[in-house]
Amino acid sequence: MTFDALTPHLISLAQTVGEMIMSHYRSNLAIETKADQTPITIVDQQAHQLITEQLSQLTPNIPILSEESDVIDFSIRGNWDEYWLIDPLDGTRDFIEQTGEFCICIAYIKNHRPIFGFIYAPLSKTHYYTNDQQQAFKLHNNQIQRLQTTVKQQPLRVLIGHYSAQNKQLQQHLTTLGETQVKHLGSALKFCKIAEGEFDHYPRFGPCSEWDTAAGGYILEAAGGCVIDENGQPLYYNTKDSLNSPVFFASGKAQ
């Protein structure tokens with residue numbers, strides 16, 4: 001499979017889904033709570049349906065695992081060598097609270113590692129994606145920019161989520177970094193901002209799932225950065241019953 005050939009289709013798909021998402025932005029939505037206590041709206045479900053239908057047409061024999069999929073038991077998905085891993089609306093809370101910091105995440109996993117990443121930010125109409133040469137790009141206003149990380153020594157520019165600021169492990173970690181500038185940002189856009197060279201470090205101690213990290217993590221790696229767990233290992237996918245991600249550190253530095 002060549003992702004370079006698929007990318008124009010994904011760009012068109014993301015724009016269509018993004019328009020649907022934005023048509024509901026700043027409107028009064030019915031909000032339900034899932035079993036893991038995270039919110040879900042009709043927008044998440046419609047985005048899921050649009051993306052999975054199109055991916056099924058583009059790559060008919062490839063399984064799809066979405067945040068909004070029915071539960072797929074590990075006894076089944078554990079046999080997958082490759083599959084699409086998507087979050088149709090990453091940052092649902094940010095969408096509900098109208099911060100603008102939400103995105104569509106689409107990754108392709110092969111042998112437990114991402115080999116393609118695609119993120120679309122509907123509010124700014126910005127695409128981030130990788131190519132077959134393991135490079136990362138940003139598409140905005142018809143301008144394509146190659147992404148490359150940069151790392152400042154002091155102060156370290158750190159991104160954290162809006163809802164993890166009180167996490168004790170995170171607070172302790174921040175004290176070990178020396179001089180820092182800390183900014184709050186929602187969703188997987190944190191990976192993209194490090195890939196663009198605007199920030200240096202994103203530590204994550206709170207709850208997070210595999211569809212939250214795969215696309216952004218691979219975009220960051222392709223831009224020259226890394227995403228590692230507490231043992232300094234890259235993140236692997238679909239290796240266990242749980243789809244929770246471990247504690248991880250995303251950095252503009254290569255490993």
Side-chain angles (χ1 to χ4, degrees), residues 3-4 7-8 10-11 14-15 17-18 21-22 85-87 89-91 94-95 99-108 114-162 164-165 174 177-204 208 211-228 234-235 245 248-255:
F3 295 105
D4 291 352
T7 296
L10 295 178
I11 288 171
Q15 288 170 337
V17 178
I21 290 171
M22 293 308 297
L85 178 59
I86 68 173
D87 192 337
L89 178 57
D90 184 40
D94 289 277
F95 178 80
T99 70
E101 299 161 6
F102 48 87
C103 58
I104 297 164
C105 297
I106 301 175
Y108 195 91
I115 60 170
F116 174 76
F118 183 98
I119 286 179
Y120 180 61
L123 187 68
S124 64
K125 297 183 178 178
T126 305
H127 303 266
Y128 301 88
Y129 56 90
T130 61
N131 68 359
D132 291 332
Q133 287 71 49
Q134 298 179 317
Q135 299 168 321
F137 298 89
K138 174 183 177 180
L139 170 61
H140 182 65
N141 289 335
N142 294 319
Q143 299 291 316
I144 298 177
Q145 169 194 347
R146 170 92 183 269
L147 297 181
Q148 187 64 51
T149 59
T150 60
V151 177
K152 286 178 69 175
Q153 297 306 312
Q154 292 290 338
L156 195 70
R157 301 165 299 177
V158 181
L159 282 172
I160 61 175
H162 291 292
S164 56
L174 291 176
L177 299 178
E179 186 183 355
T180 59
Q181 290 177 340
V182 178
K183 178 180 170 66
H184 298 262
L185 183 70
S187 77
L189 292 173
K190 290 185 279 292
F191 295 105
C192 300
K193 291 300 180 183
I194 300 176
E196 288 184 80
E198 293 184 18
F199 289 87
D200 307 308
H201 185 61
Y202 163 35
R204 181 75 182 217
C208 198
W211 44 72
D212 297 317
T213 63
Y218 188 67
I219 290 168
L220 176 54
E221 289 174 6
C226 71
V227 184
I228 56 174
L235 304 191
S245 292
F248 67 82
F249 306 96
S251 172
K253 292 180 182 176
Q255 190 174 0

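Scanning all heavy atoms of the two residues, the minimum distance from F118 to I219 falls at N-CD1, 4.0 Å. Nearest heavy atom pair, residue F102 against residue G91, reads CB-O, 3.6 Å. For the pair D94 and S187, the tightest heavy-atom approach, listed with the atom from each and the gap, is OD2-N, 4.2 Å. Looking at every heavy atom in both residues, I104 comes nearest to A14 through CD1-O, 3.9 Å. Of all heavy-atom pairs between L147 and Y128, the closest is CD1-CD2, 3.9 Å. Shortest non-hydrogen contact noted between I119 and A215 is CG1-CB, 4.0 Å.
Here the straight-line distance linking atom OG of S245 with atom CH2 of W211 works out to 9.0 Å at 0.5 Å rounding. Considering CG of L156 and OG of S251, their distance stands at 7.5 Å, rounded to 0.5 Å. Atom OG1 in T7 sits 7.5 Å away from atom CG in D132 (nearest 0.5 Å). The NZ atom of K190 lies 5.5 Å from the CG atom of L185; values are rounded to the nearest 0.5 Å. In this structure, the separation between CZ on F249 and CG on L235 is 11.0 Å, given to the nearest 0.5 Å.
The closest donor-acceptor contact from the side chain of D90 to the backbone of A188 lies under 3.5 Å.
A 4.5 Å side-chain heavy-atom check between Y120 and K125 finds at least one atom pair inside the cut-off. Contact annotation: the side chain of R157 approaches that of T150 to within less than 4.5 Å [non-hydrogen atoms, C-beta and beyond]. T213 is listed as a side-chain neighbour of F191, based on a closest heavy-atom distance under 4.5 Å. K193 places none of its side-chain heavy atoms less than 4.5 Å from the side chain of K183. Between F3 and L10, every side-chain heavy-atom pair lies at or beyond the 4.5 Å cut-off. In this structure, K253 and T149 have side chains that are not in contact, with every pair of non-hydrogen atoms separated by 4.5 Å or more. Counting only heavy atoms from C-beta outward, the side chains of Q181 and F199 never approach each other to under 4.5 Å.
Ring to ring, Y202 and F248 are close: their centroids are under 6.0 angstrom apart.
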Problem set entry | side-chain contact (heavy atoms from CB on, under 4.5 Å) between I194 and H201, worked out | CA-CA 7 Å; I194 300 176; H201 185 61; 5.6 Å; no
Problem set entry | Worked check of side-chain contact (heavy atoms from CB on, under 4.5 Å) between Y129 and I144 | CA-CA 11 Å; Y129 56 90; I144 298 177; 3.8 Å; yes
Problem set entry | Audit row: H127, Q15, side-chain contact (heavy atoms from CB on, under 4.5 Å) steps and yes/no | CA-CA 9 Å; H127 303 266; Q15 288 170 337; 3.5 Å; yes
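When the side-chain contact (heavy atoms from CB on, under 4.5 Å) test is applied to N131, the partners found at least two apart in sequence or on another chain are D4, Q133, Q135, F137. For Q255, the side-chain contact (heavy atoms from CB on, under 4.5 Å) partners two or more places apart in sequence, or in a different chain, are C226, I228, P234. Residues passing the side-chain contact (heavy atoms from CB on, under 4.5 Å) test with A222, sequence neighbours excluded: T130, A136.
Shown here is Q145, whose CD atom has more than 12 heavy atoms of other residues, nucleotides or ligands within 6.0 Å.
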